[in-house]
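For the numbers below, each heavy atom of this structure counts, side chains included, while hydrogens, waters and symmetry mates do not.
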Amino acid sequence: MATDISRLVHNVDEQGFTALEKTGLRGQKDQGLVSTLISRDLSGSDDLCVSWGRILPGQHHLCHHHPDASEFYVVISGEPLVHLGDTEYRAKPGDGIYIPRGTTHGITNDGDDDVNLVVGVSKPADWQFVADE
């Protein structure tokens with residue numbers, strides 16, 4: 001029996017991007033774009049969600065945490081300022097960044113180039129986003 005890959009394979013260029021839509025503690029809007037590639041709804045995943053994230057120059061993905069899920073970033077391009085707990089880290093292409101459950105995190109693109117990253121969450125859907133700023 002042949003494997004049906006129509007739910008198992010998704011392409012960022014074919015999927016396209018949607019704008020992040022969360023709101024911060026002072027009413028500020030989350031910034032950045034996301035293209036979900038693996039999830040419960042798209043792929044039938046029961047254990048993870050993987051997306052392609054894009055943060056344009058001057059954009060800031062709000063600092064927040066997930067009390068119910070861990071997360072990771074793999075930086076593909078750009079050199080964003082990554083906020084991890086009370087530390088800021090200048091990331092570079094090739095960096096893999098693990099974000100334990102409950103850790104405050106966010107991204108600022110203060111450079112001139114787009115930041116592209118692979119983002120993974122340890123739940124297939126419905127994780128909590130708690131704004132910390």
Side-chain angles (χ1 to χ4, degrees):
M1 177 163 80
T3 300
D4 177 10
I5 65 168
S6 65
R7 287 193 73 199
L8 304 180
V9 178
H10 297 89
N11 181 280
V12 68
D13 293 323
E14 294 169 8
Q15 292 285 111
F17 287 91
T18 57
L20 297 174
E21 298 181 345
K22 302 295 185 186
T23 303
L25 299 176
R26 298 180 312 278
Q28 71 274 39
K29 296 295 181 190
D30 200 7
Q31 298 174 319
L33 303 167
V34 66
S35 180
T36 302
L37 300 172
I38 300 168
S39 70
R40 181 181 60 208
D41 295 339
L42 279 176
S43 313
S45 174
D46 65 359
D47 60 352
L48 63 101
C49 180
V50 177
S51 302
W52 187 287
R54 180 168 290 156
I55 311 295
L56 303 176
Q59 289 187 328
H60 174 65
H61 177 39
L62 291 173
C63 289
H64 64 283
H65 69 278
H66 309 286
D68 57 344
S70 59
E71 189 169 2
F72 70 81
Y73 301 149
V74 177
V75 179
I76 304 300
S77 66
E79 295 188 357
L81 189 60
V82 177
H83 313 280
L84 290 171
D86 59 0
T87 300
E88 292 182 339
Y89 169 75
R90 179 65 64 186
K92 61 188 178 301
D95 284 353
I97 302 163
Y98 174 65
I99 305 156
R101 180 181 296 119
T103 301
T104 296
H105 59 285
I107 301 174
T108 300
N109 183 356
D110 56 356
D112 295 328
D113 299 317
D114 292 354
V115 169
N116 286 284
L117 49 132
V118 175
V119 179
V121 181
S122 64
K123 290 182 70 172
D126 304 324
W127 60 88
Q128 295 178 31
F129 177 104
V130 179
D132 291 320
E133 68 170 316

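The stretch residues 90-121 participates, sequence neighbours left out, in these ring-ring contact (aromatic ring centres under 6.0 Å, His included) pairs: His64-His105, His66-His105. A salt bridge (charged side-chain N to carboxylate O under 4.0 Å, His left out) check over residues 2-15, counting only residues at least two apart or in different chains, returns nothing. Identified under the salt bridge (charged side-chain N to carboxylate O under 4.0 Å, His left out) test for residues 51-60, with sequence neighbours left out: none. The salt bridge (charged side-chain N to carboxylate O under 4.0 Å, His left out) pairs that include a residue from residues 123-133 are Arg40-Asp126, Asp68-Lys123, where partners are two or more places apart or lie in different chains.
Take Asp114 and apply the salt bridge (Lys or Arg N to Asp or Glu O under 4.0 Å) test, not counting sequence neighbours, and it matches no residue. By the side chain to side chain contact (heavy atoms under 4.5 Å, CB included) test, Asp41 is found to be paired with Ser39, residues two or more places apart in sequence or in another chain being considered. By the side-chain hydrogen bond (donor to acceptor under 3.5 Å, both in side chains) test, Thr103 pairs with no residue at all, sequence neighbours left out. Checked against side chain to side chain contact (heavy atoms under 4.5 Å, CB included), Val75 has the following partners two or more places apart in sequence or in another chain: Pro80, Ala91, Asp95, Ile97. Applying the side chain to side chain contact (heavy atoms under 4.5 Å, CB included) test to Lys22 and every residue at least two apart in sequence or in another chain returns Asp30, Phe129. Take Ile76 and apply the side chain to side chain contact (heavy atoms under 4.5 Å, CB included) test, not counting sequence neighbours, and it matches Trp52, Val74, Asn116, Val118.
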Derivation and outcome, side-chain contact (heavy atoms from CB on, under 4.5 Å), residues Val12 and Leu37
CA-CA 7 Å; Val12 68; Leu37 300 172; 4.3 Å; yes
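Under the 4.5 Å side-chain contact rule for hydrophobic residues, Ile38 and Tyr73 do not share a cluster. Cluster annotation: Leu117 is connected to Val82 through the hydrophobic network of ILVMFWY side chains, with a link wherever side-chain heavy atoms come within less than 4.5 Å. Leu33 and Val115 end up in different hydrophobic clusters when Ile, Leu, Val, Met, Phe, Trp and Tyr side chains are linked at under 4.5 Å.
Nearest heavy-atom pair across Glu79 and Pro93 is CG-CD, 4.2 Å. Shown here for Ser35 and Gln15, the closest heavy-atom pair between the two residues is OG-CB, 3.3 Å. Between His10 and Ser43 the shortest heavy-atom distance is CE1-OG, 3.9 Å. Across every non-hydrogen atom of Ser45 and Leu48, the tightest pair is OG-O, 2.8 Å. When all heavy atoms are compared, the tightest approach of Ala131 to Gly24 is CB-CA, 4.2 Å.
Rounding to the nearest 0.5 Å places OG of Ser51 at 9.0 Å from CD of Glu71.
No side-chain heavy atom of Gln28 sits under 4.5 Å from any side-chain heavy atom of Thr23.
Side-chain atoms of Thr104 never come within 3.5 Å of backbone atoms of His65 as a donor-acceptor pair (strictly under, hydrogens ignored). Within the 3.5 Å criterion, the main-chain N or O of Ser70 finds a donor-acceptor partner in the side chain of Ser122.
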Indicate every side-chain donor-acceptor pair of residues 106-113 with a distance under 3.5 Å to a residue at least two apart or in another chain.
from: Thr108; atom 1: OG1; to: His60; atom 2: ND1; distance (Å): 2.7
from: Thr108; atom 1: OG1; to: His83; atom 2: NE2; distance (Å): 2.7
from: Asn109; atom 1: OD1; to: Gly111; atom 2: N; distance (Å): 3.0
from: Asn109; atom 1: ND2; to: Ile55; atom 2: O; distance (Å): 2.8
from: Asn109; atom 1: ND2; to: Leu56; atom 2: O; distance (Å): 3.4
from: Asn109; atom 1: ND2; to: Asp113; atom 2: O; distance (Å): 2.8
from: Asp110; atom 1: OD1; to: Arg90; atom 2: NH1; distance (Å): 2.7
from: Asp110; atom 1: OD2; to: Arg90; atom 2: NH2; distance (Å): 3.1

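Applying the under-4.5 Å side-chain rule to Ile, Leu, Val, Met, Phe, Trp and Tyr, the cluster around Leu25 consists of that residue alone.
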